[in-house]
Q: 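My questions all concern the structure below.
Heavy-atom basis, side chains included; hydrogens, waters and symmetry copies ignored. Whatever order the structure lists them in is the order used to number ligands and atoms, beginning at 1.
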Amino acid sequence: MTHIAVIGAGQAGASLVAKLRNSGFEGDITLIGAEDALPYQRPPLSKAYLLGEMQLERLFLRPESFYAEHNITLRLGTRVDAIDPQRQDIIIGDEVIAYDQLALTTGSKPRHLPASVGGDLKGVHVVRDLRDVDEMAPEVRQGARALIVGGGYIGLEAAAVCAKRGVAVTLVEMSDRILQRVAAPETSAYFRALHSDNGVDIREGVGLDHLQGDAGRVQRAVLSDGSTLEVDFVVVGVGITPACDLAEAAGLAIDNGIRTDELGRTSDPLIWAAGDCASFPYKGQRIRLESVPNAIDQAEIVAQNMLGAAKTYVATPWFWSDQYDVKLQIAGLNSGYDTVVTRRGEGAATSFWYYIGEQLVAVDAMNDPRAYMVAKRLIEAGKTADKTVVANPEADLKPLLKA
Ligand SMILES: Cc1cc2nc3c(=O)[nH]c(=O)nc-3n(C[C@H](O)[C@H](O)[C@H](O)COP(=O)(O)OP(=O)(O)OC[C@H]3O[C@@H](n4cnc5c(N)ncnc54)[C@H](O)[C@@H]3O)c2cc1C
């Protein structure tokens, strides 16, 4: 019987095995994951779950019974040590599992603060896994003092949850502005104001110098401008790196992630990759996306291609973030933009439209699902939107779709 093995039981891995069965594959499937939990969704970890407004069961992508019913062998709490592409083997301690085809859906790893600046003190948290959040959640309580290091989406979402829970929050961002890597100054300004209104002390152009502890527990932060803060806990949101260790050690090509072709195949013809760990061709560039929609869509294409479909993965980037009562929805990729057009919608709705010349390439929409939907459809169709129409709050956007 043909055996397909999948390493990494997260969003992409779970989607991939389901799609294999759904596409009629009748051979053996093994899904191997390092974490103890059933495959789960991560977005609520920095949102509703951290707030205590979502039960654990609702994080799970599918109930345990799904895997048994679909004859999928689930090996949880099992970290793969190595793969041997020549022998087509997976190595877990003393155990060797042979595969016919293999998919790597190993996700990404959060960057930690080094121990030399106090990153190993108790009370210093990252937000990647369920276990990280379960450890941090008891610290998020009224009257506590938190330092958030990093003003990207994870740091800002954590700041929002902490502020809502009555924690006194200071957020430091080393670069000039929060969200600098991913968004226009307009979006940064919007979220800076939102957080300030909710009592978060945002300090831009300021980094963490080091943490000081007492009896192994964090107590104080010394910032790059020389100021100090008394803190009860610290959340580190300084980015992630793709989990390529297994692939790299096995000699697979790495290029900002595990290098795949447009089908999702790595440099080894029997090994595929999908999700956060995989880089792939996109409009003449090579990109890697860190999002749920990408993990699902790419994994489903890879599953079909493992069965011989030869479908090109055409990414349609979109993403969201929830902070307080604001839902941010993002479509497209804004890299290389030269103009941002602001559209004020009804009430608090606002959107920022990114252009290269006259071509619409991306949108950030805050509490404006209508603007988001129109922009997303235009971007996916390779169409654009007249800037004067977009900027005019009275102008109906729907006709743009017919143009
Ligand atoms: C707090 C948080 C909030 C987020 N919010 C959003 C959001 O609002 N919207 C959005 O689109 N995206 C969001 N994301 C990103 C999104 O969750 C990821 O892009 C997505 O989970 C990627 O799926 P994946 O399967 O590639 O990786 P993962 O879901 O990370 O799964 C990879 C799995 O592989 C396992 N693994 C790695 N190495 C091995 C090994 N050697 N052996 C066995 N198992 C291994 C890991 O333990 C992990 O369980 C968020 C992420 C986080 C952490």
Q: Salt bridge between Arg141 and Glu139, side-chain N to carboxylate O under 4.0 Å?
A: no
Q: Can Asp232 and Arg145 be counted as an ion pair, charged N to O under 4.0 angstrom?
A: yes
Q: Is there a polar contact between ligand 1 and Glu157, counting only N or O atoms under 3.5 Å apart?
A: no
Q: Give the atom numbers and elements of ligand 1 that come within less than 4.0 Å of a heavy atom of Ile154.
A: 1 (C), 2 (C), 3 (C), 52 (C)
Q: Any idea which protein heavy atom is nearest atom 53 (C) of ligand 1, and the distance to it?
A: Val127 O, 3.5 Å
Q: Got a sec, which residues hit salt bridge (charged side-chain N to carboxylate O under 4.0 Å, His left out) with Arg111, two or more places apart in sequence or on another chain?
A: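 Applying salt bridge (charged side-chain N to carboxylate O under 4.0 Å, His left out) to Arg111 gives none.
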Q: Can you sort out which atoms of ligand 1 are near Lys47, meaning under 4.0 Å from one of its heavy atoms?
A: 5 (N), 6 (C), 7 (C), 8 (O)
Q: Can you name the atoms of ligand 1, numbered from 1 with element, that are less than 4.0 Å from a heavy atom of Ile7?
A: 40 (C), 42 (N), 43 (C)
Q: May I ask you to decide whether Asp245 forms a salt bridge with Lys109, counting only side-chain N to carboxylate O separations under 4.0 Å?
A: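 So Asp245 pairs with Lys109 through a salt bridge.
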Q: Test: salt bridge (Lys or Arg N to Asp or Glu O under 4.0 Å). Region: residues 60-74. Which pairs qualify, not counting sequence neighbours?
A: none
Q: Going by the atom numbers of ligand 1, which of them fall below 4.0 Å from some non-hydrogen atom of Ser291?
A: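 Within the 4.0 Å cut-off of Ser291, ligand 1 contributes 11 (O), 12 (N), 19 (O).
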Q: Could you check atom 15 (C) of ligand 1 against the protein and tell me its nearest heavy-atom contact, residue, atom and distance included?
A: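 Looking only at protein heavy atoms, the one closest to atom 15 (C) of ligand 1 is Glu290 O, 4.0 Å.
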Q: Is there a heavy atom of Pro293 sitting under 4.0 angstrom from any atom of ligand 1?
A: yes
Q: Nearest protein heavy atom to atom 17 (O) of ligand 1, by residue and atom, and its distance?
A: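 Here the closest protein heavy atom is Arg42 CB, 3.3 Å.
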Q: For the pair His195 and Tyr324, name the ring-plane relationship: parallel under 30°, tilted 30 to 60°, perpendicular over 60°.
A: perpendicular
Q: If hydrogens are left out, which of Ala158, Pro43, Ala273, Ala299 has an atom nearest to atom 50 (C) of ligand 1, that is, the closest non-hydrogen atom?
A: Pro43
Q: What protein heavy atom lies closest to atom 44 (N) of ligand 1? Include the residue and the distance to one decimal.
A: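 The closest one turns out to be Ala34 N, 3.0 Å.
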Q: Could you check atom 11 (O) of ligand 1 against the protein and tell me its nearest heavy-atom contact, residue, atom and distance included?
A: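 Sorting protein heavy atoms by distance from atom 11 (O) of ligand 1 puts Val292 N, 2.9 Å first.
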Q: Between Tyr153 and ligand 1, which part of the residue brings a heavy atom under 4.0 Å of the ligand: side chain, backbone, both or neither?
A: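 Within the 4.0 Å criterion, Tyr153 makes no contact with ligand 1.
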Q: Show me which atoms of ligand 1 lie under 4.0 Å from any heavy atom of Gly107.
A: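 Listed by number with element, the hits are 26 (O), 27 (O), 30 (O), 32 (C).
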Q: Whether Arg177 and Glu204 form a salt bridge (side-chain N of Lys/Arg under 4.0 Å from carboxylate O of Asp/Glu) is what I want to check.
A: no
Q: Determine, for Glu380 against Lys376, whether the closest basic-nitrogen to carboxylate-oxygen distance falls under 4.0 angstrom.
A: yes
Q: Under 4.0 Å, counting heavy atoms only: does Gly33 come that close to any atom of ligand 1?
A: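 Under 4.0 Å: yes for Gly33.
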Q: Within ligand 1, which atoms have a heavy atom of Gly275 less than 4.0 Å away?
A: 26 (O)
Q: Going by atom types only, do Tyr313 and Asp261 share a side-chain donor-acceptor pair under 3.5 Å?
A: no
Q: Output yes when Glu358 and Lys387 qualify as a salt bridge under the 4.0 Å nitrogen-oxygen rule, no when they do not.
A: yes
Q: Does any N or O atom in Ser321 lie less than 3.5 angstrom from one in ligand 1, N or O only?
A: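 No, there is no polar N/O contact under 3.5 Å.
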Q: Is it true that Glu157 and Lys164 have a side-chain N and a carboxylate O under 4.0 angstrom from each other?
A: no
Q: Quick test of your reading of the model: are Arg370 and Asp396 salt-bridged, counting only N-O distances below 4.0 Å?
A: no
Q: Within a distance under 4.0 Å of any heavy atom of Thr78, pick out the atoms of ligand 1 and give their elements.
A: 42 (N), 43 (C)
Q: For atom 35 (C) of ligand 1, what's the nearest protein heavy-atom neighbour? Residue, atom name and distance, please.
A: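 The protein heavy atom lying closest is Gly8 CA, 3.7 Å.
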Q: Run the numbers for me: atoms of ligand 1, each under 4.0 Å from some heavy atom of Thr105, listed by number.
A: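 The list of qualifying atoms is 32 (C), 33 (C), 34 (O).
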Q: For atom 46 (C) of ligand 1, which protein heavy atom lies nearest, and how many Å away is it?
A: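 Here the closest protein heavy atom is Glu35 OE2, 4.1 Å.
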Q: May I ask you to decide whether Arg220 forms a salt bridge with Asp214, counting only side-chain N to carboxylate O separations under 4.0 Å?
A: no
Q: What residue and heavy atom of the protein are closest to atom 41 (N) of ligand 1, and at what distance?
A: Val80 O, 3.2 Å
Q: Answer with yes or no whether Asn294 contacts ligand 1, where contact means a heavy atom under 4.0 Å from a ligand atom.
A: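 Outside the 4.0 Å threshold, so no.
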